[in-house]
Amino acid sequence: AGLGLGLQPRGRPLQPPRPAELLLLLSCPAFRAHFARLFGAEAAEQWHFVSAAPDDEVSEEEEEDQLRALGWFALLRVRRGADAEGEERGPALAVAPLGSVAKGAPLLACGSPFGAFCPDIFLNTLSRGVLSNAAGPLLLTDARCLPGTEGGGVFAARPAGALVALVAAPLCWKAREWVGLTLLCAAAPLLQAARAALVRLHPDSAALAALLPPEVGTPRGLPLRDLAPPWASAAVLVECGSVWGSGVAVASRLVVTCRHVAPRESARVLVHLATPKSVAIWGRVTFATQETSPYDIAVVSLEEDLDGVPMPVPAEHFHEGEPVSVVGFGVFGQACGPLVTSGILSAVVQVDDAPVMLQTTCAVHGGSSGGPLFSTHSGDLLGIVASNTRDNSTGATYPHLNFSIPVTVLQPALQQYSQTGDLCGLQELDRATEPVKVVWRLQRPLPNAPQSKL
Amino acid sequence: MGRQWGPSMRSAEQAGCVVSASRAGQPDVGSWSCSGVILSRNPGLVLCHGGIFTPFLRAGSGALTEACVAFLPGDSCTDDLRLHVQWGPTAATPAGRAEQGRPGLCTPQC
């Protein structure tokens, strides 16, 4: 049976395929509107959502079909099996209301890579990530999904086991770079659309509509709040002339970002807060490291206080393997709130027993530079994201290998400057030792040359 | 995975399924398939992705981008559409057959 292996690779045998009929095709207008805003118009050229099986050549026409169908879903009625009476109903599925899952909250995606190609092996494969961003019912997660998982369910840990969304496009490519994010359509508005469509198309289908799973918990009409964890609010968008990137508030009038975002000292900078939205404060670059410094850092002093923005606690220790989160304005910039991606602290590189570089497995994209790297559990600030990785020979970019400047390198100088206005500590960053430079040039450290005896 | 994922894993396992679409009488043309979510059992209601239906749309995929069209009736697809849904073991039913795998994927040494 199945693969002819005579084995049951995933426990008990699968159910035999059951015939079904199409009741209706449906889409969520709000999803399509947000999709057009974030991925349409001039951005359309950059984005591709091809979901083809590996050996399929995808023609332009097919790609256009896939794009048109991206936000569409289908409601099917499954024919009753011969022993329907004996079938278990299983636990009732519950749906999370839109907005009830916080940005950065863990999610579990469940889909079957390559669809019905090899269900014995791939049916209901799980993948974990977090809710990375949300624009109405258009959600993004960094849980890795593959072609064939379109339509698969995405579940939350809280409310426990609730269906949050369905996969709309597993692979997103921006400017031919895989961004490591999966596009989702929130389940609650989709099922509301299904209910409305069923009643209009099949007037006698009230019983069918009643079968659609209910939303759990919160009464309707709650205002959609940005539920990101408090530490995520410290991330800001930094705009300096035509260049923009991310940054993090470290004191009531102090923001740290990368030099390549705000390179010129005394240049005017506009800092956009994530919460409250649409608040922007002018500032000026009071320090930026030299090009020769391995620490790509700039400091911006603001003309007003950052009211209501929680200041992150700088970490003092780093633990390889600990869960971490990156918050930044990569991928969408100002078109969307900050993006949260999750991973682990994959390496802490030290020189003379002092951490000088952090690496993570979070997805980091262009525009994330200058943003904060947090410990997911404590919310402590671990570092400032400086770059991801590009293979110069192939031009390929690797979002999930990235480099941050440990906060322990910066904290004493930032504190000194914040309290006294003295830049001496920060200027030390321009005098980093050669071994630190070698590390940040991703070069192998030179072995200690044997001294000549002569 | 930690205890916090218990309920989600159970929900995912119970609700997860695959949906395949093919043309009646043309099994050799192959099928289109995707994942789905079982919304209700007995009677069975499944929600899956709409992408596998574009080859069957009578009016072509353009019908999906018409303004103010948020849903289409089932008969917007051609009559030769055949759908099958398959899910994991949930009930004591006779052993099933899985569709034979197609060559195309391998596990290269890396």
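Numbered from 1 within each chain, the chains take letters A, B, ... in sequence-line order.
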S.K.: Measure from the side-chain N and O atoms of B/Ser11 to the backbone N and O of A/Gly161, and report whether any donor-acceptor pair falls under 3.5 Å.
M.R.: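 Side chain of B/Ser11 to backbone of A/Gly161: a pair is present.
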S.K.: Could you report the tightest heavy-atom contact between B/His49 and A/Val167, atom names first, then the distance?
M.R.: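 Scanning both residues completely, I find the closest heavy atoms to be CD2-O, 3.7 Å.
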S.K.: With a cut-off of 6.0 Å (strictly less than), are more than 12 heavy atoms of other residues, nucleotides or ligands near CZ of A/Arg158?
M.R.: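 No, because the 6.0 Å sphere around CZ of A/Arg158 holds 12 heavy atoms or fewer from other groups.
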S.K.: For A/Leu107, is it the side chain, the backbone, both, or neither that has a heavy atom closer than 4.5 Å to a heavy atom of chain B?
M.R.: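 Answer is backbone: N, CA, C or O of A/Leu107 sit under 4.5 Å from chain B.
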S.K.: I need the residue from A/Ala193, A/Ala94, A/Pro106 with the largest number of non-hydrogen atom pairs under 4.5 Å to chain B.
M.R.: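 The residue among A/Ala193, A/Ala94, A/Pro106 with the greatest pair count is A/Pro106.
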S.K.: In Å and rounded to the nearest 0.5 Å, what is the CD to CG distance from B/Gln14 to A/Asn124?
M.R.: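 Rounded to the nearest 0.5 Å, the CD-CG separation comes out at 9.5 Å.
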S.K.: How long is the straight-line distance from CZ of B/Phe71 back to CG of A/Leu23, given to the nearest 0.5 Å?
M.R.: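 Those atoms lie 13.0 Å apart.
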S.K.: Minimum heavy-atom separation for A/Ser112 to B/Cys17, with atom names?
M.R.: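 Taking every non-hydrogen atom into account, OG-O, 4.4 Å.
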S.K.: Given a strict heavy-atom distance threshold of 4.5 Å, which part of B/Cys77 is in contact with chain A: side chain, backbone, both, or neither?
M.R.: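 Only the side chain of B/Cys77 comes within 4.5 Å of chain A.
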S.K.: Who among B/Pro55, B/Gly60, B/Gly36 has the most heavy-atom pairs with chain A under 4.5 Å?
M.R.: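 When all of B/Pro55, B/Gly60, B/Gly36 are compared, B/Gly36 has the most.
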S.K.: How close do B/Pro89 and A/Gln15 get, heavy atom to heavy atom, and via which atoms?
M.R.: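 Smallest interatomic distance, heavy atoms only, reads CA-NE2, 4.1 Å.
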S.K.: Would you give the length of the straight line joining atom CZ of A/Phe155 to atom CZ of B/Arg10, rounded to the nearest 0.5 angstrom?
M.R.: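 The CZ atom of B/Arg10 is 12.5 Å from CZ of A/Phe155, to the nearest 0.5 Å.
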S.K.: Contact part of A/Leu75 toward chain B, heavy-atom cut-off under 4.5 Å: side chain, backbone, both or neither?
M.R.: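 Both parts, heavy atoms under 4.5 Å.
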S.K.: If I measure from the heavy atoms of chain A, does B/Thr54 come under 4.5 Å with its side chain, its backbone, both, or neither?
M.R.: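 Answer is side chain: those atoms of B/Thr54 sit under 4.5 Å from chain A.
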S.K.: Among B/Cys34, B/Gly16, B/Cys48, which residue forms the greatest number of heavy-atom pairs with chain A at distances under 4.5 Å?
M.R.: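 Answer, by heavy-atom pair count under 4.5 Å with chain A: B/Cys48.
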S.K.: Check the pair B/Phe56, A/Leu22 against side chain to side chain contact (heavy atoms under 4.5 Å, CB included), reporting the backbone distance first and the verdict last.
M.R.: CA-CA 11 Å; B/Phe56 300 91; A/Leu22 175 64; over 6 Å; no
S.K.: I'd like to know if the side chain of B/Ser35 reaches the main chain of A/Gly148, judged simply by a donor and an acceptor atom lying under 3.5 Å from each other, with no hydrogens or angles considered.
M.R.: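 Side chain of B/Ser35 to backbone of A/Gly148, a donor-acceptor pair under 3.5 Å: yes, one is there.
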S.K.: For B/Leu47, which of A/Leu190, A/Leu212, A/Leu76 qualifies under side chain to side chain contact (heavy atoms under 4.5 Å, CB included)?
M.R.: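 So, applying the side chain to side chain contact (heavy atoms under 4.5 Å, CB included) to B/Leu47 and each of A/Leu190, A/Leu212, A/Leu76, only A/Leu190 qualifies.
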S.K.: Heavy-atom cut-off 4.5 Å, strictly under: side chain, backbone, both or neither for B/Cys68 against chain A?
M.R.: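 Contact with chain A: none, neither part.
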S.K.: Using side chain to side chain contact (heavy atoms under 4.5 Å, CB included), reason through A/Leu25 and B/Leu57 one step at a time and then give a plain yes or no.
M.R.: CA-CA 10 Å; A/Leu25 288 167; B/Leu57 285 167; 3.7 Å; yes
S.K.: Considering only heavy atoms from C-beta outward, does the side chain of A/Pro19 approach that of B/His84 to under 4.5 Å?
M.R.: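 SC-SC contact between A/Pro19 and B/His84 confirmed.
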S.K.: Between A/Ala156, A/Pro159, A/Pro29, which residue shows the highest count of heavy-atom pairs closer than 4.5 Å to chain B?
M.R.: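 Maximum pair count with chain B is reached by A/Ala156.
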S.K.: As an exercise, state the distance from CG of A/Leu191 to CG of B/Leu45, rounded to the nearest 0.5 Å.
M.R.: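 That separation rounds to 10.0 Å.
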S.K.: Verify the neighbour count for atom CZ of A/Arg200: are there more than 12 heavy atoms of other residues, nucleotides or ligands below 6.0 Å?
M.R.: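 No, not enclosed.
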S.K.: Show the nearest heavy-atom pair for residues A/Arg32 and B/Thr65, with the distance to one decimal.
M.R.: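 Closest pair (atom of A/Arg32, atom of B/Thr65, distance): NH2-CA, 3.9 Å.
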S.K.: Name the option with the most non-hydrogen atom pairs under 4.5 Å to chain B; the candidates are A/Ala196, A/Gly111, A/Ala157, A/Gly153.
M.R.: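 Ranked by heavy-atom pairs under 4.5 Å with chain B, first place is A/Ala157.
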S.K.: Looking only at heavy atoms, which two atoms of A/Pro213 and B/Leu39 are closest? And how far apart?
M.R.: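 Between these two residues, the closest heavy atoms are CD-CB, 3.8 Å.
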S.K.: Under 4.5 Å heavy-atom distance to chain A, tell me which part of B/Ala70 shows up: side chain, backbone, both or neither.
M.R.: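 For B/Ala70, the contact with chain A is made by backbone and side chain together.
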S.K.: Take A/Glu21 and B/Leu83 through the test side chain to side chain contact (heavy atoms under 4.5 Å, CB included) and record every step on the way to the result.
M.R.: CA-CA 6 Å; A/Glu21 65 171 310; B/Leu83 290 170; 5.7 Å; no
S.K.: In terms of heavy-atom proximity below 4.5 Å to chain A, should B/Ile38 be classed as side chain, backbone, both, or neither?
M.R.: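 The backbone, not the side chain.
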S.K.: Chain A: which of B/Ser76, B/Gly62, B/Ala63 shares the most heavy-atom pairs with it under 4.5 Å?
M.R.: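 Among B/Ser76, B/Gly62, B/Ala63, the one with the most close pairs to chain A is B/Gly62.
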S.K.: Looking only at heavy atoms, which two atoms of B/Val37 and A/Gly151 are closest? And how far apart?
M.R.: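 For B/Val37 and A/Gly151, the tightest heavy-atom pair comes out as CG2-O, 3.7 Å.
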S.K.: Quick one: pull up CZ in A/Arg128 and CH2 in B/Trp5 and give me the separation to the nearest 0.5 Å.
M.R.: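 So the CZ of A/Arg128 and the CH2 of B/Trp5 are separated by 5.5 Å.
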